[in-house]
Amino acid sequence: MDRKEFLKSLGVLTAGAALLGAEDTLKAAPVTADELDFPLKGLKAKVKEPVKVIIIGAGNRGRTYSGYAANYPDCIQIVGVSDIRESRKNAMGDRFNIPQERRFGDWSEVFKVPKFADAVVISTPDDLHYKPCMKALEMGYNVLLEKPIAQSEKECTDIAAQAHKYGGIVAVCHVLRYSPYFRAMREAVHSGMIGKLISIQHMEPIECRHMAHSYVRGNWRDSDKTTPIILAKSCHDLDIIRWIVDKPCRTIVADGSLTWFKAENAPKGAPKRCTDGCPHEAECPYSAIDVYVRRKQHLGVFDLKNRKDENEIMAKISDPDNVWGRCVYYCDNNQPDHFVSEMVFEDGTTASFSMEAFTPYGGRRTRIMGSTGYIEGDGTTFTLYEFRSNRKLVWDKKLNEIPEYRNSGHGGGDMALVCDFLEAVDSHDESRLTSTIDASVESHVMGFRAEKSRLSSKKVEVNLRRK
Ligand SMILES: NC(=O)c1ccc[n+]([C@@H]2O[C@H](COP(=O)([O-])OP(=O)(O)OC[C@H]3O[C@@H](n4cnc5c(N)ncnc54)[C@H](O)[C@@H]3O)[C@@H](O)[C@H]2O)c1
């Protein structure tokens, strides 16, 4: 008996419960159901020999992916590193015993020597994805490419064309796709547990201080130098929606703006930097002193000697050249702090998405409406309600209790992505990934068109030919 038949039979067996109303359904006791207990993928890649990898951009993300080698040294070997920051280049070089001649500064230096690895990880800033990726493919490397793929629709499609031309695998780091939570949610929809998919509501709460750190003060504050926030932050979400619906997107309409983080909202008498004696420091939720020194959040950008040393952190944010010490109302930012969009897919399925800066939590919130059931998830746990049987099924895997998943960020997605990528490279089989480069480009195009819609106040066609 397959899953659908099994579920149908359950519907018959529990028909008596259908006399209850919708309110009763929502109140029914939750059951951790076997039907949602999809097997967790092991994180140790099945490869014939260690895949040789070069890390280009040894910052936050480069370190994350290279961390896989610490757990599974017989699956991956870090054989080269490139970073314009000597300290980061050498920290990674020393960690993986990379010889001096395989430690490079600018990314372009990597490609001046003959190919010496199976793959490169491109984890440089957003404006340095396109050129290294095009060059890597030309030289026969496979690529683990950080999102966003590139800064324009044309550059994204160029990369897909280059991958096809040279036969290279490009895995885009849409890490959420690889997390057990989203894998299970999609599986529940695709195995028919809520009937026909009708619509999705999805929200990305950024968390107010994360917003201030990355999109007001920090690296992604300027959409022209990086990408519009719908890609820089939310390409994961468009990708997840597209992946769950599994149909081409036809139209998208979007709106939103930068409402709060601008000079006109600065409290009276606030200086340009939080460390210059701001009279509002004690109350301001965005105070750099509070975020970095007291709460010790987002410290990865400072390359500290000792993360507990408050004097060292204070010295960093007091440096007039340090962008993170600035008042959030006096930054050179242009990213919207709220963004809404609506998509219509082939066959009429609809999805709405909102990105919100002003929330006390991060993660994702998702509601999925089907003809016979409903799913509601908070980013770590989801509940599936069956209308007819009145059952309430819960997916609640405690990933931090599963040793190999414990240190894998993005709900387990970071290391699961590396695992799938290594298997895909080893077998030269793109289908080992949940996402081809064409599918990743498609969800990026949705993002570019959403921004076009936001700026033009018009509904925009997406219609892409699916390969
Ligand atoms: N998949 C995700 O969920 C996720 C999360 C965060 C960031 N990202 C993306 O990952 C990428 C890297 O982000 P990050 O947070 O690691 O940034 P980061 O600043 O910590 O790291 C980038 C590194 O690239 C190096 N670099 C800059 N120019 C270079 C050059 N010319 N040649 C070689 N190295 C160079 C920098 O010195 C830095 O160490 C960005 O594109 C970002 O959008 C993805």
Side-chain angles (χ1 to χ4, degrees), residues 2-3 32-51 53 61 64-77 118-119 121 142-147 169-193 236-237 239-240 242-244 246 363-364 366 368 375 377-382 384 393-437 439-440 443:
D2 70 13
R3 178 185 293 277
T32 301
D34 290 345
E35 292 102 290
L36 286 182
D37 197 14
F38 304 108
L40 266 192
K41 193 181 170 351
L43 295 183
K44 186 174 189 326
K46 293 180 188 66
V47 291
K48 294 183 279 301
E49 54 187 41
V51 176
V53 171
R61 300 305 297 167
T64 297
Y65 298 125
S66 70
Y68 188 91
N71 292 339
Y72 307 107
D74 45 347
C75 301
I76 182 173
Q77 199 186 343
D118 304 302
V121 172
N142 299 290
V143 183
L144 183 63
L145 177 62
E146 256 309 350
K147 46 65 40 180
I169 292 172
V170 182
V172 178
C173 298
H174 280 141
V175 282
L176 297 183
R177 271 183 182 242
Y178 296 82
S179 70
Y181 167 86
F182 278 114
R183 274 181 159 157
M185 185 179 273
R186 181 180 190 262
E187 185 68 24
V189 173
H190 283 247
S191 57
M193 293 180 81
H236 288 302
D237 301 278
D239 184 68
I240 286 289
R242 169 68 184 78
W243 186 50
I244 291 175
D246 204 22
R364 268 83 183 174
T366 310
I368 305 181
I375 292 174
D378 65 4
T380 51
T381 301
F382 69 83
L384 187 151
L393 313 179
V394 176
W395 187 94
D396 187 17
K397 282 248 181 310
K398 306 267 183 302
L399 294 176
N400 57 1
E401 291 170 9
I402 303 170
E404 62 174 347
Y405 272 89
R406 193 171 293 145
N407 296 320
S408 174
H410 287 104
D414 285 350
M415 293 303 120
L417 160 70
V418 179
C419 174
D420 283 12
F421 177 67
L422 297 178
E423 290 183 356
V425 170
D426 180 69
S427 56
H428 207 77
D429 178 2
E430 192 186 37
S431 71
R432 302 292 272 272
L433 302 164
T434 76
S435 177
T436 61
I437 180 63
S440 301
S443 61

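Scanning both residues, Asp74 and Val47, for their nearest heavy atoms gives O-CG2, 4.2 Å. Contact between Leu384 and Ala188 at its shortest, heavy atoms only, is CD1-CB, 3.9 Å. Closest of all the heavy-atom pairs between Ala416 and Ser408 is N-OG, 4.4 Å. Taking each heavy atom of Tyr405 and Leu399 in turn, the nearest pair found is CB-O, 3.7 Å. Across every non-hydrogen atom of Thr64 and Met415, the tightest pair is O-CE, 3.1 Å. Minimum interatomic distance between Arg177 and Thr434 (heavy atoms only, all atoms of both residues): NH1-O, 2.7 Å.
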Tell me, with the steps shown, if Asp239 and Lys147 meet salt bridge (charged side-chain N to carboxylate O under 4.0 Å, His left out).
CA-CA 11 Å; Asp239 184 68; Lys147 46 65 40 180; over 6 Å; no

Kindly indicate, with the supporting measurements, whether the criterion salt bridge (charged side-chain N to carboxylate O under 4.0 Å, His left out) is fulfilled by Glu423 and Lys41.
CA-CA 13 Å; Glu423 290 183 356; Lys41 193 181 170 351; 3.6 Å; yes

Please evaluate residues Lys397 and Asp37 with respect to the criterion salt bridge (charged side-chain N to carboxylate O under 4.0 Å, His left out), reporting the C-alpha separation (whole Å), side-chain torsions for both, the decisive distance (0.1 Å), and the verdict.
CA-CA 9 Å; Lys397 282 248 181 310; Asp37 197 14; 2.5 Å; yes

Chi angles and distances behind the side chain to side chain donor-acceptor pair (under 3.5 Å) call for Asp396, Thr381
CA-CA 5 Å; Asp396 187 17; Thr381 301; 3.2 Å; yes

Hey, mind stepping through Asp246 and His190 against side chain to side chain contact (heavy atoms under 4.5 Å, CB included) and telling me if it holds?
CA-CA 9 Å; Asp246 204 22; His190 283 247; 3.4 Å; yes

Thr366 vs Ile375, test: side chain to side chain contact (heavy atoms under 4.5 Å, CB included). Steps then yes/no.
CA-CA 8 Å; Thr366 310; Ile375 292 174; over 6 Å; no

Met193 vs Leu393, test: side chain to side chain contact (heavy atoms under 4.5 Å, CB included). Steps then yes/no.
CA-CA 10 Å; Met193 293 180 81; Leu393 313 179; 3.8 Å; yes

Could you go through Arg432 and Asp420, starting from their C-alpha distance and side-chain angles, then the distance that decides it, and tell me whether this counts as salt bridge (charged side-chain N to carboxylate O under 4.0 Å, His left out)?
CA-CA 6 Å; Arg432 302 292 272 272; Asp420 283 12; over 6 Å; no

For a side chain to side chain contact (heavy atoms under 4.5 Å, CB included) check, start with the C-alpha distance between Leu422 and Tyr68, then their side-chain angles and the critical distance, and finish with the verdict.
CA-CA 11 Å; Leu422 297 178; Tyr68 188 91; 3.4 Å; yes

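Rounding to the nearest 0.5 Å gives a distance of 5.0 Å between CD1 of Ile240 and CZ of Phe182. The line from CZ of Phe382 to CE of Met185 is 5.5 Å long, rounded to the nearest 0.5 Å. Atom CG of Leu36 and atom OG of Ser191 lie 8.5 Å apart (nearest 0.5 Å). The CD atom of Glu187 sits 12.0 Å away from atom CD1 of Ile244, with the distance rounded to the nearest 0.5 Å. One finds the CD atom of Glu404 at 8.0 Å from the CG atom of Leu40 (value rounded to the nearest 0.5 Å). In this structure, CG in Asp414 is found 7.5 Å from CG in Leu417, a value given to the nearest 0.5 Å.
Between the Asp426 side chain and the Lys48 main chain, a donor and an acceptor come within less than 3.5 Å of each other. Using a distance-only test at 3.5 Å, with no hydrogens or angles considered, no donor-acceptor pair links the side chain of Glu430 to the main chain of Ile169. Of the possible donor and acceptor atoms, one in the side chain of Arg186 sits under 3.5 Å from a partner among the backbone N and O of Trp243.
Residues Cys173 and Tyr65 meet the side-chain proximity criterion, which asks for heavy atoms closer than 4.5 Å. Residues Thr380 and Lys398 are not in side-chain contact: their nearest non-hydrogen atoms beyond the backbone lie 4.5 Å or more apart. Counting heavy atoms from C-beta outward, Cys75 and Pro50 have side chains that stay 4.5 Å or more apart. A 4.5 Å side-chain heavy-atom check between Val172 and Ile437 finds at least one atom pair inside the cut-off. Annotation: side chain of Asn142 is not in contact with side chain of Val170 (no heavy-atom distance under 4.5 Å).
Under the 30°/60° scheme for interplanar angles, the aromatic rings of His410 and His236 are found to be tilted.
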